[in-house]
Protein chains: 4
Amino acid sequence: MDNASCASNTVNADENPIQDIDPGYLQAVVDRIERLEEEKSETATAIRDVYSEAKGNGFDPKVIREIIRLRKQDPHELDEQEAILHLYKQALGMG
Amino acid sequence: MDNASCASNTVNADENPIQDIDPGYLQAVVDRIERLEEEKSETATAIRDVYSEAKGNGFDPKVIREIIRLRKQDPHELDEQEAILHLYKQALGMG
Amino acid sequence: MDNASCASNTVNADENPIQDIDPGYLQAVVDRIERLEEEKSETATAIRDVYSEAKGNGFDPKVIREIIRLRKQDPHELDEQEAILHLYKQALGMG
Amino acid sequence: MDNASCASNTVNADENPIQDIDPGYLQAVVDRIERLEEEKSETATAIRDVYSEAKGNGFDPKVIREIIRLRKQDPHELDEQEAILHLYKQALGMG
DNA sequence: AACGCATAAGTAAGAC
DNA sequence: GTCTTACTTATGCGTT
């Protein structure tokens, strides 16, 4: 990192950040974040659109979300959790 | 929409979705969502990295987040809200 | 409600709230909210403690949360969702 | 804690929780959590009601939320954050 | 009834 | 390693 990008000097870098700000670097940071957030937002919209389309075709979005969630999990972990769940259900008379 | 994509027939589309599922369509939906979610996740990581780098350069990530939040708002709306906030603060002796 | 509690007059109640604030009412509102939020926070802590104790006794908190979640749902709704889930899984070869 | 409450034995407590469940203890845990969650839910409703009433009296709920948020912070911390915020704003020409 | 906001819960990362 | 804090997602609520 370029020294010019330092937001504070070395004397009290931890508690007094109110010195030596590089405006150009800060601007660049903000710009990059805003660009990425826009990208993320667009992707989120695209995801919502897919769910919405699926719903329009008679599918249940909530259940599709569940499918997505299940597929994200490690199969072995999933099996374990379901075994424990089954066990607890029985202990509670929910079997 | 193609009829083949219908998850339910026209007789009881609202309450009995358990017929006429097009597996290919459902698979495509799931694939698209998973692809988009991965994209979103990568973007989220990139955002975190920018904050992290900025922090390493002495900037306060929390305040940068606040900056991003403020810039996202409509300036006019923002001014109004701040005016009301100021008013409430005074009414509460927080001025 | 007492007229004195009005935050705005009748001329433009919707868009110009910057008049006629009753400081006492606003203070009361803030006090009530803060009191209730503290209460809520204490309850949340108590819940965490129960999970924590259960974990200490060898139970899996994640699965207990799942149990709680399942019990909150309407049994009929639950059955439907699980039937649809099963259907989708089969369509995706996850059966 | 009573040994009878143990959910697993000492041989493989970490990875095989599927033994020695005390159903009574599990039931008690679930009951306590459900009771506390109901309590929390009621408090949340009461909070919403206060905001709603305030809104009916012409106050802006969003700004009240901001007030609550600000008052929750440590005043010293708050001042510091605002100082940094001011600094960043100036660096970005948002002053 | 659909849309967005706001809360709440679960998850993951970072600090001590 | 624990423990809190922040981010993400999901649900519920109010609004239009």
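Throughout, a chain's letter reflects where its sequence line sits, starting with A, and its residues are numbered from 1.
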Practice prompt. Check every strand shown and say whether Lys40(B) touches a base, only sugar-phosphate, or nothing at a heavy-atom separation below 4.0 Å.
Written response: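 Answer is sugar-phosphate: Lys40(B) comes under 4.0 Å of backbone atoms only.
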Practice prompt. Name the nucleic acid region contacted by Ala44(D), choosing base, sugar-phosphate or nothing; use a 4.0 angstrom heavy-atom cut-off, strictly under.
Written response: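 Sugar-phosphate, no base atom in range.
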Quick one: [X] [atom1] to [N] [atom2], roughly how many Å, whole number?
X: Ile47(D); N: dG14(F); atom1: CD1; atom2: C1'; result: 17 Å
X: Glu38(B); N: dT9(F); atom1: CD; atom2: P; result: 14 Å
X: Asp49(A); N: dC3(E); atom1: CG; atom2: C1'; result: 14 Å
X: Leu36(D); N: dA8(E); atom1: CG; atom2: C1'; result: 16 Å
X: Glu37(D); N: dT11(F); atom1: CD; atom2: P; result: 15 Å
X: Lys72(C); N: dA8(E); atom1: NZ; atom2: C1'; result: 9 Å
X: Ile33(B); N: dA10(F); atom1: CD1; atom2: P; result: 11 Å
X: Asp60(A); N: dA10(F); atom1: CG; atom2: P; result: 14 Å

Look at [X] together with [Y] and state whether they make a salt bridge at an N to O cut-off of under 4.0 Å.
X: Arg32(D); Y: Glu53(C); value: yes
X: Arg69(A); Y: Glu66(A); value: yes
X: Lys72(C); Y: Glu37(D); value: yes

Fill in: Worked verdict on Tyr51(D) versus Phe59(D) for side-chain contact (heavy atoms from CB on, under 4.5 Å)
CA-CA 9 Å; Tyr51(D) 278 110; Phe59(D) 289 91; over 6 Å; no
Worksheet item: Tell me, for nucleotides 10-16 of chain E in 5' to 3' order, what letter each nucleotide earns: B for a base near a protein heavy atom under 4.0 Å, S for only sugar-phosphate near one, - for neither?
Response: SS---S-
Discussion item. Please evaluate residues Glu39(A) and Lys40(B) with respect to the criterion side-chain contact (heavy atoms from CB on, under 4.5 Å), reporting the C-alpha separation (whole Å), side-chain torsions for both, the decisive distance (0.1 Å), and the verdict.
Written reply: CA-CA 8 Å; Glu39(A) 200 176 306; Lys40(B) 186 152 75 89; over 6 Å; no
